[in-house]
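Here is the structure we will look at, set down as structure tokens.
Note that this is a predicted model, so its numbers are computed, not measured. What's counted below: heavy atoms across the whole structure, side chains too, no hydrogens, waters or symmetry copies.
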Amino acid sequence: MDKKNLFSVIYKDSNILVVNKGSGLSVTQDRWDPEIPRLDTLLENEYGKVFTVHRIDKDTSGVVVYALNPDTHRFLSGEFEERRVEKTYIALVYGSPEWQEKKIEIKLKPDGDSLHRTVADKKHGKYALTKCRVLASSRDFSWIEAKPVTGRTHQIRIHLKEEGFPIVCDSLYGNREGIYLSKLKKNWRGDIFEERPLLSRLGLHALKISLKDPETGEKKTFTAPIPKDLEALRKQLEKVRGLDPVLP
């Protein structure tokens, strides 16, 4: 990515701006830390006013769509609200599901504990649905395709955790420890004091988004290429675990 690995532009016309966001960058102002870097501000410095129509987590990389005028903002906000926008994520998780495909329906309550995390709550939570499919699996890791039908905060992360398959390097909902080659490969001979992790951030990437063109009504799909850190880890897992996901 350009801009110091913060973002790259996938598509732009007079109505929408589609961006591949790097991990660690907030889509808009963070209510808990208003001073952290924001993607919308960076974009407005180059392209003028942008309107936020959806979000992905700060630590998640991948595709984000902004509207460039009020009419498009209203249209796309309605599309998201009516769940007519299809979102596809890929996640690297710990463990190996016994299922190949699964609909995870667990009610979620945002800001449900002292750490402001989303929690599963059958009584007070809001309905949440994520459609999941195993792309590749070994004993200790799996690649999962996740399609959130609803848009609850941290939905994919908490749904997978509740199923027993937390996303790797999830500092909020799982094990924040990085993934090291020395722990994947037998007879690794490097220097443990000099080794850097293959991945040290949340293993979740917003791969694709499909939505209607606000002018023509034509369905358009935009794809955010897998970032270098996840791709490097994918190659290593293919070598040492046989994990080679066929991406959707």
Would one find more than 12 heavy atoms of other residues, nucleotides or ligands at under 6.0 Å from atom [atom1] of [X]?
X    : atom1 : result
R84  : CZ    : yes
E81  : CD    : no
K220 : NZ    : yes

Could you tell me whether the side chain of [X] and the main chain of [Y] form a donor-acceptor pair under 3.5 Å?
X    : Y    : value
E195 : L181 : yes
E44  : V50  : yes
T52  : H54  : no
K102 : P97  : no
R133 : K147 : no
R152 : Y127 : yes
S142 : V93  : no
T72  : L68  : no

Original post:
Between L108 and K126, is a side chain to side chain contact (heavy atoms under 4.5 Å, CB included) present by the stated rule, with each step listed?
Top reply: CA-CA 5 Å; L108 302 177; K126 294 182 178 180; over 6 Å; no
Donor-acceptor pair between [X] and [Y] side chains, under 3.5 angstrom:
X    : Y    : answer
Q155 : T118 : no
N175 : D170 : no
E145 : T88  : no
S96  : S137 : yes

Is there a path of hydrophobic side-chain contacts, each under 4.5 Å between heavy atoms, that joins [X] and [Y]?
X    : Y    : result
L204 : I144 : yes
I16  : L43  : no
Y11  : V65  : yes
L199 : L202 : no
L17  : I56  : yes

From [X] [atom1] over to [Y] [atom2], what is the distance, rounded to the nearest 0.5 angstrom?
X    : Y    : atom1 : atom2 : result
L233 : K235 : CG    : NZ    : 12.0 Å
C132 : F165 : SG    : CZ    : 10.5 Å
E163 : I104 : CD    : CD1   : 4.5 Å
L172 : K58  : CG    : NZ    : 10.0 Å
L39  : L25  : CG    : CG    : 5.0 Å
L237 : I179 : CG    : CD1   : 8.0 Å

Subject >> Within 45° cone and under 6.0 Å: K49 NZ/CZ vs F51 ring >> reply: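 Cation-pi check for K49 and F51: passes.
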Original post:
Where does the angle between the aromatic ring planes of H154 and Y173 fall among parallel (under 30°), tilted (30 to 60°) and perpendicular (over 60°)?
Top reply: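 Rings of H154 and Y173: perpendicular, over 60°.
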If I compare all heavy atoms of [X] with all of [Y], which pair ends up nearest, and what's the gap?
X    : Y    : value
L230 : I226 : CB-CG2, 3.6 Å
N20  : G62  : OD1-CA, 3.4 Å
F80  : K87  : CE2-CD, 4.3 Å
L135 : P245 : CB-CB, 3.8 Å
S182 : W188 : CB-CE3, 3.3 Å
I167 : G203 : CG2-O, 3.5 Å

Contact between [X] and [Y] at the side-chain level, heavy atoms closer than 4.5 Å - yes or no?
X    : Y    : value
E86  : I209 : no
W143 : L243 : yes
P227 : R201 : yes
S26  : D40  : no
Y66  : V53  : no
I192 : Y180 : no
P37  : L6   : no
T223 : L207 : yes

**OP:** I would like to know whether S61 and S23 meet side chain to side chain donor-acceptor pair (under 3.5 Å); could you show each step before the answer?
**Re:** CA-CA 5 Å; S61 58; S23 175; over 6 Å; no
Original post:
Under the side chain to side chain contact (heavy atoms under 4.5 Å, CB included) criterion, do H124 and D121 qualify, and how do the steps go?
Top reply: CA-CA 6 Å; H124 301 291; D121 190 327; 3.6 Å; yes
**OP:** Would you confirm whether the ring centroid of H205 sits within less than 6.0 angstrom of the ring centroid of Y89?
**Re:**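 No, the ring centres sit 6.0 Å or more apart.
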Original post:
When you check the gap from the basic side-chain N to the acidic O, do D213 and K219 get nearer than 4.0 Å?
Top reply: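 Between K219 and D213 there is no salt bridge, as every charged N stays at least 4.0 Å from the carboxylate O atoms.
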Original post:
Could you go step by step and tell me if V64 and V18 meet the side chain to side chain contact (heavy atoms under 4.5 Å, CB included) rule?
Top reply: CA-CA 6 Å; V64 182; V18 186; over 6 Å; no
Original post:
Should V119 and K109 be marked as a side chain to side chain contact (heavy atoms under 4.5 Å, CB included) after you check the CA-CA gap, both sets of side-chain angles, and the distance that decides it?
Top reply: CA-CA 5 Å; V119 299; K109 180 182 178 182; 4.1 Å; yes
